[in-house]
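Notes follow once the structure below has been shown.
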Amino acid sequence: MSTRFALACSVLAAVVLVAAGQGSASAVRPAVGRAPGPAPATPACNQQNVLASLRPQGPLPDPGQMPLGSTMARIAKRGSLIVGVLQDIPPLASRDLNRQPVGFDIDVARDLAKAIFGDPGRVVFQPLPEVDRFTTVRSGQVDLTVAAASITCPLRDQVDFSAVYYEAGQRVLVDSDSDFTGIDSLGGKRVCAAQGSTSLTHLQAAASKPVPVGMATETDCLMLLQLGKVDAVSTDDTILAGMKAQDLRTAVVGPQFSEEPYGVVINKNTPDLVRFVNAVLAARIADGRWLASYQHWLKPLGPAPAPPTPQYQD
């Protein structure tokens, strides 16, 4: 037990803040997006349009040549892109041996910085608990968050989202020597998820009626499982894959029991940034960066699926 406790403590370190480099300028292309201001009126959110995001307008501008008066120009003038990320959730966001942020979500953030500055290092990573992924965007503390945020209608009342950049699903992590086979076998059992996450909401609604336990982060949930304080951890399969890699005495069991479409979280008052982010996400799929990132970080989940097909609104 002491070994597992030490392991759990070791994964609680936060993602460090990083900023570096200088951008480069080149010829101007037509601008993507509109000037900052309220987003255009859209139909009420429903199951059919919940994943629709603002359509990119025109090709991406060259790095260092953001449209005058745009949100991207303001970011460029500051000198760095400020991005909220989760804390030590491999393979989405963690630190390598050089204490540099790495992971699937980190790749997305660096590509956004590269599109603005020409340098993927011009980004400051702000580590956040899940519950703060949306409030920090609304308050302007970060420019956006790339933090395994599932797109839902209730959240769209608070923030805007990019098009889907990854499609995950919720499963269950248990001790490998347990008899649990998935969420249906956990009725009346303590199952942990992060506060402020859709995972906790799904646990509360599960037909098998598990006992939801909310903690600040999934890492805290893993510690509780290792200490025998909960019977399972439930969150997106991407995050559970990283937990299993940290503790080989655990197992991911059962089928997916939710759909978790990840979107970049963006302030509602910056529709031009939404369109810009969507253009970068589309470029990542077209030139193979999305696939390369999947194969590097998410390969343990199985063969790479087709990248998400973006849904747009004008």
Side-chain angles (χ1 to χ4, degrees), residues 23-46 48-78 80-83 105 107-120 122-123 137-138 140 142-146 149 151 153 155-167 261-290 293 306-314:
S24 61
S26 55
V28 179
R29 293 183 186 173
V32 171
R34 301 173 178 173
T42 57
C45 185
N46 55 53
Q48 286 67 47
N49 65 16
V50 62
L51 302 183
S53 185
L54 295 175
R55 186 184 306 278
Q57 293 184 332
L60 281 165
D62 281 331
Q65 297 292 331
M66 297 298 104
L68 185 65
S70 68
T71 304
M72 295 77 72
R74 174 179 56 78
I75 294 169
K77 183 177 181 180
R78 182 206 299 141
S80 61
L81 177 69
I82 304 175
V83 180
D105 281 357
D107 285 353
V108 174
R110 292 196 187 282
D111 282 344
L112 292 171
K114 185 175 181 180
I116 294 174
F117 298 101
D119 180 356
R122 295 281 285 271
V123 56
V137 169
R138 293 169 62 189
V142 299
D143 297 312
L144 46 84
T145 65
V146 187
I151 304 171
C153 282
L155 288 174
R156 279 199 174 278
D157 290 336
Q158 306 175 34
V159 294
D160 212 338
F161 284 96
S162 72
V164 176
Y165 70 86
Y166 187 76
E167 295 171 327
Y262 293 169
V264 178
V265 184
I266 307 168
N267 192 292
K268 276 184 170 293
N269 292 325
T270 57
D272 60 333
L273 182 58
V274 178
R275 296 182 190 275
F276 180 86
V277 169
N278 283 339
V280 175
L281 295 179
R284 294 182 81 243
I285 292 173
D287 63 20
R289 281 176 289 167
W290 186 95
S293 185
T309 300
Q311 299 180 33
Y312 295 133
Q313 63 190 28
D314 294 328

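For the single chain, residues carry numbers from 1 onward in sequence order.
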Sole residue of V264, D160, N267 in side-chain contact (heavy atoms from CB on, under 4.5 Å) with V137: N267

Apply the test side-chain contact (heavy atoms from CB on, under 4.5 Å) to residues V164 and I151: give CA-CA distance (whole Å), side-chain angles for both, the deciding distance (0.1 Å), then the verdict. CA-CA 8 Å; V164 176; I151 304 171; 3.8 Å; yes

Within the structure provided, determine whether L155 and F161 are in side-chain contact (heavy-atom separation under 4.5 Å). yes

OH (Y312) and CG (L54) are apart, to the nearest 0.5 Å, by 10.5 Å

Side-chain heavy atoms of W290 within contact of P307, under 4.5 Å: yes

Using only atom types and a distance under 3.5 Å, with no angle test, would you say the side chain of K268 pairs donor to acceptor with the backbone of R156? yes

Any donor-acceptor N or O pair under 3.5 Å, side chains D105, Y165: yes

Side chain of N46, backbone of N49: donor and acceptor closer than 3.5 Å? yes

P67 versus P61: any side-chain heavy-atom pair under 4.5 Å? yes

dist S162:OG -> L281:CG (nearest 0.5 Å) comes out at 5.0 Å

For a 4.5 angstrom cut-off between non-hydrogen side-chain atoms, does K114 reach D119? no

How far does CG of D111 sit from CD1 of I116, to the nearest 0.5 angstrom? 11.5 Å

Distance col, row Q313:CD vs R55:CZ, nearest 0.5 angstrom, shows 9.5 Å

Is there side-chain contact between I266 and V277, with heavy atoms separated by less than 4.5 Å? yes

Is R289 salt-bridged to D107, cutoff N-O under 4.0 Å? no

Could you measure the distance from the CZ atom of R275 to the CG atom of L273? Nearest 0.5 Å is fine. 12.0 Å

How long is the span from the OH atom in Y262 to the CD atom in E167, to the nearest 0.5 Å? 11.5 Å

What's the shortest heavy-atom distance between L60 and A283, and which atoms? CD1-CB, 4.4 Å

Can you sort out the partners of R78 under side chain to side chain contact (heavy atoms under 4.5 Å, CB included), two or more places apart, ordered by chain and number? R74, I75, S80, I82, D143

L144 side chain near V265 side chain, heavy-atom distance below 4.5 Å: no

